[in-house]
Amino acid sequence: MQLTTDIDTIQDATRAYLASGLCVLPARRDQKRPTVGSWKKYQERMPTEAEVSAWMANNPNAICILCGRASGNLEIIDFDGGGELFPAWWERILEDLRAKLVVESTPSGGRHVIYRCEEVVCGNLKLAQRADSKQIVTLIETRGEGGLFLCAPTEGYELVEGDLCSPPVLTQEERDTLLQAAWELNEHWPEAEDPQPTSTHRERPGGDYNARGDVREILHRHGWTLARPGANEYWRRPGKNSGWSATLKDRVFYVFSSNAAPFEPNRAYSPFSVYALLEHDGDYERAARSLRERGFGNASADNGHVGVDLSALTNLSTVKDPTNTERSALAEPHEGTSPSDSYGVDPTILTEPQSARAPDPFSIRVDAVCLADVDPEPVVWLWPGRFALGKLSLIAGEPGLGKSFLTLDMAARVSRGDGWPCDGGTESEPGGVVLLSAEDDIKDTIVPRLITAGADRSRIQAMRALYQPQPGLGVGVEKPVPFSLLEHVPQLEQLIQRAAPCKLVVVDPVSAFLGGTDSHNNSEVRSALSPLSDMAARSRVAVVAVTHLNKGQGSALNRVIGSVAFTAAARAAYVITRDEDDPARRLMLPAKNNLGRDADGFAYRLVGDPIPCVQWEPAPVSMSADEAVSGHPRGRGPKPDALRDAEGWLFDFLSAGPQPAKEVYVRAAEDGHTRDTIRRAKAALGIETAKDGFQGPWTWVLPGSGPLMTGMREGDND
């Protein structure tokens, strides 16, 4: 694909890239940034046709592409430093993989290697660095989620391999191959981040473990394997069968992989940090106490303290287990070594009576069972073949499609003991329901909808708030606290008991109840959902969590917003989307079902006035979730007609030149557009506003199509 750099080709390329599912924005070539103001919103949605038309009217001299989910899990490897390391990297890639890649040259002689991934990509990674006397220089790095890059036909950028309109989709193994080839060219390893002892390092257990602890034993115990021995050892993360994910050199463990939780990429860890993260879930104080009990450190140096200075830990990543349960088990020492060689422990401590020494955290009892002694149990279903009792399931969909109506219809059916769609109307025993809703008011929204759906409201409990006593402020003084899955699952179980026999718990949306959890962090999401899944199993209730779809592209599971841990934790996941041929028809389609069938889905409509309810179609739907979401190339689907029409009207009206704001509103009203809709259209198009002096009228103008008269900006009361 050969592209030139004239303006017409930039316009054509922009539309071609957009048609290929790449999120393209106009850019400033000299600053390597978009020229659309706040561009982060385009990480969540594709530009509209009206926006693109307005941008192209300004004749941009550069364009850029957003990486990550906005462009279908797009990632690039960026070779800086004049592309110095690109030839050596290219030689390390097998010819059949090289033939798939898209490569473009940059003005400085660098290279962009461009591809899509089967899975969601992480943020930017530094792959190869070099330290000189003044600074650390990055020579190879990725641009992933949240990143962007200038591209052809911007001046100085030229495609030299492949077609940017058709970037390849790489497997995880293929992506790892590309990244590892770059990591092998790295020349700089940072120092390990570690708590620094306040006295001689051997006097504290952490420092002593750094000096003589066997970190290899810990890595092996947690599923890491040695991929390549030597002075600089290469280690492979658990679950990976080829390549490598980290290096161990001079007792510093340096992690490259972005899928090696609890470790973070591009960070160096001391043996003590490895031990604390893997054996004690990042609790350094507990790790130090455990090492002290195993004979590390000088007991007299601390006067009873745990033996580690935690002042340097503020920037060190930790992953906490909310159950605070130690996972360790005593491992056998290497052949030919004694326990002292492997762990730094006096061998006699292993044979002393338990009463003669402190409790050994490595003597944790293992609870296991021979599977021949286990009687199999069938899956017990709430909605046969769809949502199981004792399991966590997921419903994800775009806003405005009736996800909450759907879950309230489920609640009504459970409360009455009614049958389910397409199952022949088989009835069951009525059950209780618990609702956690962060977006809908109980009185004016939830209760009216339940009445319309015919629910037995006496069987349904809704959490309104949590209140925490305030000691010291008087008897009965409480403050409201937000419900968090990390902290308040016991309170949820109390509510389930009130609704006994409870069969269904609805969490809508699940993102509102994650506390301080980063919804894009796999480890944190797993930690937040684990107590909920455990509670579902204990209480034998079906937990249905509601969430949204992102605006990117790819498979249905990849479209679920946030971390992939959401779909991984759920035993079943359903996608709600709009029928492209009938906008009033909604589709509920299986994206995942680990326990039952996922061959067909359902269709429904919202009928009735003034409060609609769900009306299911009698026949199943054979379309897959992946087929349905791929039919929406812009992720969220078409905008409401009123807003889309207003955008087109406003663009056409301002194409003739700047217009007074009052005139815009008057003419819009004459053509049937409300003031609020025109305001939303104005924001969507990025319309610029200014006024002529202090007394002049506010004026609207298409972005970049005319000079602003003053630096004054339009307020809310134009």
Side-chain angles (χ1 to χ4, degrees), residues 213-226 235-241 259-263 274-283 286-287 289-291 293-295 319-335 337-339 341-343 345 347 349-380 388-392 486 489-490 493 522-523 525-543 565 568-572 594-596:
D214 188 358
V215 71
R216 297 176 183 84
E217 186 70 33
I218 302 299
L219 291 170
H220 279 302
R221 185 182 305 163
H222 288 268
W224 286 77
T225 55
L226 180 61
W235 286 77
R236 183 181 303 134
R237 63 173 173 80
K240 187 175 173 64
N241 298 319
N259 296 309
F263 303 111
V274 173
Y275 172 79
L277 287 167
L278 292 181
E279 295 285 293
H280 296 279
D281 295 321
D283 189 330
R286 185 152 52 98
R289 284 195 297 269
S290 174
L291 289 175
E293 292 165 356
R294 293 173 54 195
V319 179
K320 300 282 186 170
D321 182 345
T323 63
N324 203 32
T325 303
E326 295 191 11
R327 301 178 298 173
S328 308
L330 184 61
E332 295 294 330
H334 288 305
E335 183 178 353
T337 64
S338 68
D341 294 329
S342 294
Y343 298 110
V345 183
I349 197 171
L350 299 178
T351 57
E352 287 181 10
Q354 181 66 30
S355 58
R357 65 181 191 274
D360 182 2
F362 286 83
S363 63
I364 295 175
R365 181 178 62 87
V366 176
D367 182 10
V369 62
C370 176
L371 297 186
D373 299 329
V374 177
D375 294 328
E377 294 182 355
V379 176
V380 181
L389 294 173
K391 309 296 181 182
L392 171 66
L486 289 168
V489 166
E493 289 188 87
N522 291 343
S523 297
V525 170
R526 281 195 298 266
S527 295
L529 295 183
S530 179
L532 185 63
S533 297
D534 293 343
M535 183 277 298
R538 287 194 305 271
S539 303
R540 302 298 291 172
V541 298
V543 177
R571 299 299 83 199
N594 286 1
L595 303 175

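The model shown is predicted, which means the values in this text are computed figures rather than measured ones. Side-chain atoms are counted along with the backbone in the values below, which use heavy atoms only and exclude waters and symmetry mates.
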[atom1]/[X] to [atom2]/[Y] distance, rounded to the nearest 0.5 angstrom?
| X | Y | atom1 | atom2 | answer |
| --- | --- | --- | --- | --- |
| R571 | L595 | CZ | CG | 6.5 Å |
| D214 | H220 | CG | NE2 | 8.5 Å |
| S530 | L486 | OG | CG | 10.5 Å |

With [X], which residues qualify under side-chain contact (heavy atoms from CB on, under 4.5 Å), at least two apart?
| X | value |
| --- | --- |
| A572 | S393, Y574, N593 |
| A260 | W224, R237, V255, S257 |
| R538 | V489, E493, D534, M535 |
| R236 | T225, A227, K240 |

With the side chain counted from C-beta on, respond yes when R216 and L226 share a heavy-atom pair under 4.5 Å apart, and no when they do not.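 No, their side chains stay 4.5 Å or more apart.
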
Side-chain heavy-atom pair S290, H280 within 4.5 angstrom cut-off: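 S290 vs H280: side chains touch.
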
Among L278, L277, V274, find the one that has a side-chain contact (heavy atoms from CB on, under 4.5 Å) with H222.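 Testing each of L278, L277, V274 against H222, the sole residue satisfying side-chain contact (heavy atoms from CB on, under 4.5 Å) is L278.
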
Minimum heavy-atom separation for R540 and V380, please, with both atom names.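 Looking at all heavy atoms of both residues, the closest pair is NH2-CG2, 3.7 Å.
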
Taking all heavy atoms of S533 and all of L392, pick out the closest pair and write down the distance.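 That would be OG-CD2, 3.7 Å.
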
